[in-house]
Amino acid sequence: MRRFQRIDENKEESFFQNYIHFDLNAIFLLDDQEKILSMNWDAEQLFDYLPSEVAGKSIDFLLSKDRCLALSRNGTETPVKVVQNEVVYQSIKQYIVLVHDLKRKNLTDQLSKLIYDSFHEIYVLDASTFFIKVNQEGCHNLGFSWNELAAMSLPDIMPEICKDEFTRYINDLVSGERTKITFETVNRRKDHTTYPVEATLQIIVNGNQPLFVCIVRDTIERKQAEEMINYLSYKDHTTNLPNRSLFNDRLNLSIAQAKRHIHSFAVIFLDLDRFKNINDSLGHSLGDLLLKAVADRLSRCLRDHDTVSRFGGDEFVLLLTNVARVEDVAKIAQRITKALTKSFQINEYELFVSASLGISIYPSDGVEGETLLKNAGVAMNRVKEQGGNYYQFYSPEMNKKVFERLVLENSLRKALDRQEFLLFYQPQYNSKSKKIVGVEALIRWQHPEFGLISPGQFIPLAEETGLIVQIGEWVMRTACQQNKNWQKQGFPPLDVGVNMSALQFKHQNLVKMVAQVLEETQLDGCCLRLELTETNFMENAEEIITVLHELKRMNIQLSIDDFGTGYSSLSYLKRFPVDILKIDQSFLSGITTNESDREIIAAMISLGHALKLNVIAEGVETKEQFDFIQALHCDEVQGFLFSQPLAPEEFEKLLAKNYDIKQI
Ligand code: C2E
Ligand code: MG
Ligand code: MG
């Protein structure tokens, strides 16, 4: 049962009601006749009377004559200071009587104020969880006056579903199992709207009776505040970029992801060159505007999932995630350097900046964030020492490799226009007739500076950059043209083998391109062999089958190159319309020493024959190897034993001599 009776129930509520019930001093509210209207919980405690027992009485019976002692029901006398104030509320005179317990006065005054003004809701509950005190914020948020709350318990402002849980918490506190409980719940306002809160409930033992103090935070506001704090602690305010803390978080995340997925990422340390001059000559606020403009430009140079952060001053640190090739990082660094060369219009000034960039790569330059940052910084300082306005990788080998690759890539782009590619031709012999029946076209790059470059050095680069599609078309056209020319010169017709890259098969126009080349060169489709590697077949197998069937319709021969080095499934072999198997040279080189290589070759030849395929052994270098595969009835042979790949004129000489392999 609620002890507290509202003794001023029918009277209009005074402004002071809320206040007196919150104050930690004993307080009485008297009517204009100085009769007690109400008293707060502290007064009940001090005097040991119930409000109903004192209502309508004069306060005098509770105090000594000189008003220096409070007289409780059980005869206890407590030294007090009594202050009585007249207040007029809506034209009605009332009195507030504050009874300060002298022993506690200062402390209670201060605490009262602190709690009353707190921007959290604070409730004090009695043993039955009825409100004893509710501060200003609580009354305000809940929309109830103190008088209304005084007759309510905390569960009255909770939704039904939370009540059982709340009872459990109270029991846990009373049994001493816990001394403090924080929980999330929903508060219901007087107008029945609700708001989510986080409440912390604590028990205070007051004589025999427990009291509960409940501090309530509005979670919406708290979440907004947390977001604000996050924002403040993770953003650089000048540029609005992530700051060092957020960068470090992302760096750690990148390390974890890179470890899991075994990929690389890059850290770029960027420092503006001679930025101090701008700050010194034009002032910091202009400097800040410039930093903001630089930040915007940097952000535009990166991909969405990369991070540009500002560490302070004119230092920016960039995180490039999931880097496939270090050359890509170099390209971004170049893009940044280039983007910064354009002037910045800041107010009436046209400003020019440049930057020094140092790059470290995970994991080769460090597996920990700190090391990566340090090494990127070291690389950046090296750039500064050399006059700035450029980028460098931390590791010298990486610098060299990337530089070479970039130079190569640049010149590869121009090589087609500059007609720097050549085709060499290597003969293929029929092992029975010992005549040249075919020829493989092998590309070479006659580089103006580096000399003749073999395909192993630039085909991967051409594939990575997509240039292989144009290069492949050139090879196809040149090889077909050459073959046709030889036929025109009266040489017996040969099959010309052209190596294909997987990327060409992904290109929509392959079939059209081949048809066009055959049309242009007037070469018969059956004189063309396309060489595909096993991986070529395995990637997008279904789509490739369709393309291969279309090529077959032009009578083109299809051959699997480097057979045995990839993972071709036998069932695919059956389904692909292939004509030729080229056994990889690595098996041949092993036959003199390795029994299993001999067995594998024998098995591959019989497999090819069982599938009705022509089998070619490539890389035949010795008489011994030749004898071995001849005995196994391998159909064709190709290798240094017979001829190196030759320039077209050399190959013509070979044809003209009607060279055959009977002499070997
Ligand atoms: P591949 O198609 O397997 O070509 C055979 C390679 O083996 C050629 O190397 C050839 O010179 C070499 N070779 C021939 N006989 C022997 C021998 O007896 N012993 C040894 N050790 N090697 C021999 P090359 O010309 O350096 O070509 C390497 C690879 O580059 C080719 O392997 C092919 O995959 C690729 N390639 C060549 N030209 C082109 C092209 O036009 N397009 C594409 N996509 N790839 C090409
Ligand atoms: Mg080949
Ligand atoms: Mg091969």
Side-chain angles (χ1 to χ4, degrees), residues 412 415-416 420-429 438-446 452-483 495-507 510 513-514 517 528-537 557-566 568 578 580-592 604 614-626 628-629 634 636-648 650-651 661 664:
L412 190 63
L416 260 183
E420 289 170 1
F421 292 118
L422 309 168
L423 285 189
F424 273 34
Y425 296 91
Q426 190 178 31
Q428 293 165 339
Y429 291 86
V439 57
E440 179 171 9
L442 295 159
I443 194 168
R444 303 286 180 266
W445 179 11
Q446 184 65 56
L452 202 63
I453 304 181
S454 70
Q457 284 172 272
F458 68 86
I459 291 288
L461 187 59
E463 286 177 335
E464 279 169 27
T465 51
L467 287 168
I468 192 69
V469 176
Q470 289 135 277
I471 296 175
E473 184 173 342
W474 175 86
V475 173
M476 178 80 63
R477 183 166 285 113
T478 314
C480 290
Q481 189 66 62
Q482 181 63 75
N483 199 15
D495 299 339
V496 66
V498 171
N499 291 289
M500 303 294 290
S501 149
L503 217 73
Q504 290 175 273
F505 280 86
K506 288 187 188 137
H507 214 260
L510 178 69
M513 183 273 278
V514 178
V517 167
L528 176 62
R529 291 175 173 181
L530 301 189
E531 298 194 2
L532 292 85
T533 56
E534 286 166 285
T535 26
N536 220 320
F537 282 96
Q557 301 177 62
L558 301 174
S559 130
I560 302 187
D561 203 355
D562 305 341
F563 186 69
T565 54
S568 32
V578 284
I580 302 157
L581 273 193
K582 286 186 86 174
I583 297 174
D584 189 68
Q585 46 184 279
S586 58
F587 296 102
L588 268 189
S589 54
I591 60 162
T592 41
M604 284 197 283
N614 218 12
V615 182
I616 304 185
E618 59 177 345
V620 183
E621 289 181 347
T622 64
K623 175 89 170 61
E624 208 182 349
Q625 291 169 345
F626 180 42
F628 174 73
I629 47 154
C634 181
E636 290 176 33
V637 287
Q638 174 184 354
F640 293 168
L641 177 66
F642 319 110
S643 171
Q644 297 270 341
L646 302 170
E650 297 297 317
F651 188 78
I661 52 174
I664 290 171

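One-based numbering, in listed order, for ligands and for the atoms of each.
Restricting E440 to its N, O or S atoms, the one at the least distance from the Mg ion (ligand 2) is OE2. Sorting the N, O or S atoms of D561 by how far they are from the Mg ion (ligand 2) puts OD2 first.
Not one N or O of L442 is nearer than 3.5 Å to an N or O of ligand 1, by distance alone. Note: no N/O pair closer than 3.5 Å links E463 and ligand 1 by distance alone. Taking distance alone, with nitrogen or oxygen atoms compared against 3.5 Å, F640 approaches ligand 1 more closely than that limit.
When side chains are defined from C-beta on, I443 counts as touching I459, because their heavy atoms get closer than 4.5 Å. No side-chain heavy atom of T565 sits under 4.5 Å from any side-chain heavy atom of T533. Residues I580 and Q557 meet the side-chain proximity criterion, which asks for heavy atoms closer than 4.5 Å. No side-chain heavy atom of F651 sits under 4.5 Å from any side-chain heavy atom of Q482. You'll find the side chain of L588 stays beyond 4.5 Å of the side chain of E621, heavy atoms only. Two residues are said to be in side-chain contact when any heavy atoms from C-beta on lie closer than 4.5 Å; L528 and V517 fail this criterion. Under the 4.5 Å side-chain criterion, counting only non-hydrogen atoms from C-beta, Q426 is in contact with L442.
With rounding to the nearest 0.5 angstrom, the CG atom of D562 is 5.5 Å from the CD atom of E618. Atom CH2 in W445 sits 7.5 Å away from atom CG in L461 (nearest 0.5 Å). For the atom pair CZ of R529 and NZ of K582, the computed distance is 8.0 Å after rounding to the nearest 0.5 Å. Within the model, atoms CG of L530 and CD1 of I560 stand 12.5 Å from one another, a figure rounded to the nearest 0.5 Å. L532 CG to Q504 CD: the interatomic distance, rounded to the nearest 0.5 Å, is 9.0 Å.
For the ligand labelled ligand 1, residue G456 lies outside the 4.0 Å heavy-atom shell. Not a single heavy atom of K582 sits under 4.0 Å from any atom of ligand 1. At a 4.0 Å cut-off, not a single heavy atom of G472 sits close enough to ligand 1 to count as contact.
The closest heavy-atom contact to atom 28 (C) of ligand 1, among the options S454, P455, S501, comes from P455. Within the set Q585, M476, E440, Q426, the minimum heavy-atom distance to atom 6 (C) of ligand 1 is found for Q585.
Ranking the protein heavy atoms by distance from atom 19 (N) of ligand 1 puts E621 OE2, 2.5 Å first. Atom 11 (O) of ligand 1 has as its closest protein heavy atom P645 CG, 3.3 Å. The protein atom (non-hydrogen) at minimum distance from atom 44 (N) of ligand 1 is N499 O, 3.7 Å. Atom 38 (N) of ligand 1 has its closest protein heavy atom at I443 N, 3.2 Å. At the shortest separation from atom 3 (O) of ligand 1 among protein heavy atoms lies D562 OD1, 3.1 Å.
Rounding to the nearest 10°, we obtain 100° for the angle at the Mg ion (ligand 3) between D562 OD1 and E618 OE2.
Heavy atoms of R444 found under 4.0 angstrom from ligand 1 belong exclusively to the side chain. For D561, every heavy-atom contact with ligand 1 shorter than 4.0 Å involves the side chain, none the backbone. With a 4.0 Å cut-off on non-hydrogen atoms, V475 touches ligand 1 through its side chain and not its backbone.
Under the 4.0 angstrom criterion, atom 41 (O) of ligand 1 counts as having a protein heavy-atom contact. Distance check for atom 9 (O) of ligand 1: every protein heavy atom is found at 4.0 Å or beyond.
Within the 2.8 Å limit, D584 places no N, O or S atom next to the Mg ion (ligand 3). With a cut-off of 2.8 Å, the Mg ion (ligand 2) has no N, O or S atom of S559 in range. Among the atoms of E531, none of the N, O or S atoms falls under 2.8 Å from the Mg ion (ligand 3).
Each of the atoms 18 (O) of ligand 1 lies under 4.0 Å from some heavy atom of V620. Listed by number with element, the atoms of ligand 1 under 4.0 angstrom from any heavy atom of E618 are 3 (O), 5 (C).
Taking the six-membered ring where the residue is Trp, the centroids of F587 and F563 are separated by 6.0 Å or more. Note: F421 and F458 meet the aromatic proximity criterion, with ring centroids under 6.0 Å apart.
Across every non-hydrogen atom of G456 and P460, the tightest pair is O-CD, 3.4 Å.
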